[in-house]
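Below is one structure, written out as structure tokens; comments come after it.
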Amino acid sequence: MLFVGVMVSTLTLRIRDQAAAARERERRTAAMYALSRDLGSRRAAGEIGAVAARHAEDLLGTQCVIGWDDEHGDFAQRAGLAQHEAAGVHEMAVARWVKEHGRPAGYGTGTLPGTRFAYFPLVGTDRVLGVFGIAVGARPEQLTPSQRQLAETIVSQTALALERAALSAEAADARLAAEAEGIADCQHLLSDT
């Protein structure tokens, strides 16, 4: 009887753990679907950054910050953290390093670990588009391997969305330039006649 009781108890615990793992996988899958849907419906980089930061904060339970260059090439925090907060000077220096070198740095890495955030490059097809920072050092415990994989997926989805937005903006600019050139050619032809 004792042996049967121990076996039933062990199997019950194993089934409970498997059910919890299945619920967690389902939650992550639903969250990634929601992230993909929300990122796909946004066109502007600021909107994309805000959506990505909000989803990452909800999923990882910590603050996030996203930075990228503006149209003048100035790198700064563009999304994440509350508007009244900003990543400190030291944090932004590490983020700039990540942008320039295209490698992760910050908390929990071997490069510039004395920060509150772990920074990941937002890598596009041919360049680093920006930096995604996750306040890992502010959490009471480290990211689990599952959470780290989730963070990397969020970073790559954000990079794809930002690249799509940049390419869309470049295509619109090229279309406007072509239309302006066509109008100028028409005006030139009319003035010659």
Side-chain angles (χ1 to χ4, degrees), residues 28-29 31-57 59-60 62-81 86-113 115-136 143 145-182:
R28 285 182 50 202
T29 301
M32 290 312 300
Y33 171 74
L35 173 67
S36 296
R37 186 188 62 230
D38 286 352
L39 288 176
S41 67
R42 303 302 193 268
R43 300 287 175 238
E47 293 175 343
I48 290 168
V51 164
R54 181 174 41 88
H55 278 278
E57 288 173 353
L59 289 169
L60 301 173
T62 191
Q63 294 178 313
C64 295
V65 62
I66 305 173
W68 62 83
D69 293 341
D70 63 10
E71 60 275 359
H72 305 294
D74 296 326
F75 180 82
Q77 174 183 325
R78 307 280 176 211
L81 293 176
V89 174
H90 179 66
E91 296 284 341
M92 288 309 294
V94 175
R96 280 187 190 88
W97 186 93
V98 170
K99 170 88 170 62
E100 291 169 8
H101 293 87
R103 295 192 339 241
Y107 190 90
T109 69
T111 307
L112 305 169
T115 63
R116 208 176 98 206
F117 286 80
Y119 293 97
F120 303 93
L122 293 166
V123 180
T125 304
D126 59 348
R127 63 189 166 103
V128 176
L129 304 167
V131 176
F132 201 115
I134 301 170
V136 181
L143 292 178
S146 173
Q147 289 173 321
R148 183 166 284 285
Q149 182 184 26
L150 183 62
E152 290 171 0
T153 303
I154 293 169
V155 168
S156 66
Q157 290 292 316
T158 304
L160 288 172
L162 286 173
E163 185 166 47
R164 178 184 41 82
L167 291 172
S168 178
E170 289 172 12
D173 290 345
R175 192 172 34 256
L176 286 175
E179 288 174 6
E181 186 176 317

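Residue indices begin at 1 and follow the sequence shown. Values reported hereafter were calculated over all heavy atoms of this structure, with side chains retained and with hydrogens, waters and symmetry mates removed.
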Margin query: Is it the case that atom CZ in Arg28 sees more than 12 heavy atoms from other parts of the structure closer than 6.0 Å?
Written below: yes
Check: So Arg54 and Val51, side chain to side chain contact (heavy atoms under 4.5 Å, CB included) or not? Walk me through it.
Finding: CA-CA 5 Å; Arg54 181 174 41 88; Val51 164; 3.9 Å; yes
Check: Within a radius of less than 6.0 Å around CD of Glu181, do more than 12 heavy atoms belonging to other residues, nucleotides or ligands occur?
Finding: no
Check: Is the shortest heavy-atom distance from the side chain of Phe132 to the side chain of Cys64 under 4.5 Å?
Finding: yes
Notebook entry, point to check: Stepwise, does the side chain to side chain contact (heavy atoms under 4.5 Å, CB included) test hold for Phe75 with Val131?
Noted result: CA-CA 10 Å; Phe75 180 82; Val131 176; 4.0 Å; yes
Item checked: Within-4.5 Å side-chain heavy-atom neighbours: Leu112 and Trp97 -> yes
Check: If you look at every heavy atom in Phe117 and Gln63, which pair is closest and at what distance?
Finding: CE2-O, 3.9 Å
Next item on the list: Taking the side chain as every heavy atom from C-beta outward, state whether Thr115 and Glu91 have any pair of such atoms under 4.5 Å apart.
Entry: yes
Next item on the list: Check for a donor-acceptor pair, side chain of Arg43 on one end and backbone N or O of Gly40 on the other, with a separation under 3.5 Å.
Entry: yes
Item checked: For Asp126, all residues meeting side-chain contact (heavy atoms from CB on, under 4.5 Å), sequence neighbours excluded -> Glu163
Margin query: Restricting to non-hydrogen atoms, name the atom on Leu150 and the atom on Met32 that form the minimum distance, rounded to 0.1 Å.
Written below: CD1-SD, 3.4 Å
Notebook entry, point to check: Are any of the side-chain heavy atoms of Val155 and Leu122 separated by less than 4.5 Å?
Noted result: yes
Margin query: Using the side-chain contact (heavy atoms from CB on, under 4.5 Å) definition, which of the options Thr153, Leu35, Ile154 pairs with Leu59?
Written below: Ile154
Margin query: If you define the side chain from C-beta out and look only at heavy atoms, does anything of Leu129 sit under 4.5 Å from Trp68?
Written below: no
Item checked: Backbone of Leu143 reached by a side-chain donor or acceptor of Arg148 within 3.5 Å -> no
Checklist line | Smallest separation among heavy atoms of Pro121 and Pro104, with atom names | finding: CD-N, 3.8 Å
Margin query: Ignoring hydrogens, what is the shortest heavy-atom contact between Ala53 and Gly80? Give both atom names and the distance.
Written below: CB-CA, 3.6 Å
Next item on the list: To the nearest 0.5 angstrom, please state how far the OG1 atom of Thr158 sits from the CZ atom of Phe120.
Entry: 12.0 Å
Next item on the list: May I ask you to decide if Val136's main-chain N or O and Thr62's side chain share a donor-acceptor pair within less than 3.5 Å?
Entry: no
Notebook entry, point to check: Which atom names give the shortest non-hydrogen contact between Asp69 and Lys99, and what distance separates them?
Noted result: OD2-NZ, 3.2 Å
Note to self: According to side-chain contact (heavy atoms from CB on, under 4.5 Å), who are the partners of Ala34, at least two apart in sequence or on a separate chain?
What the structure shows: Arg37, His55
Checklist line | Which atom of Ala166 lies closest to which atom of Arg127, heavy atoms considered | finding: CB-NH2, 4.0 Å
Note to self: Within the 4.5 Å heavy-atom criterion, are Arg103 and Thr109 side-chain neighbours or not?
What the structure shows: no
Next item on the list: Mark yes or no for whether Arg164, through its side chain, and Leu39, through its backbone, hold a donor-acceptor pair below 3.5 Å.
Entry: yes
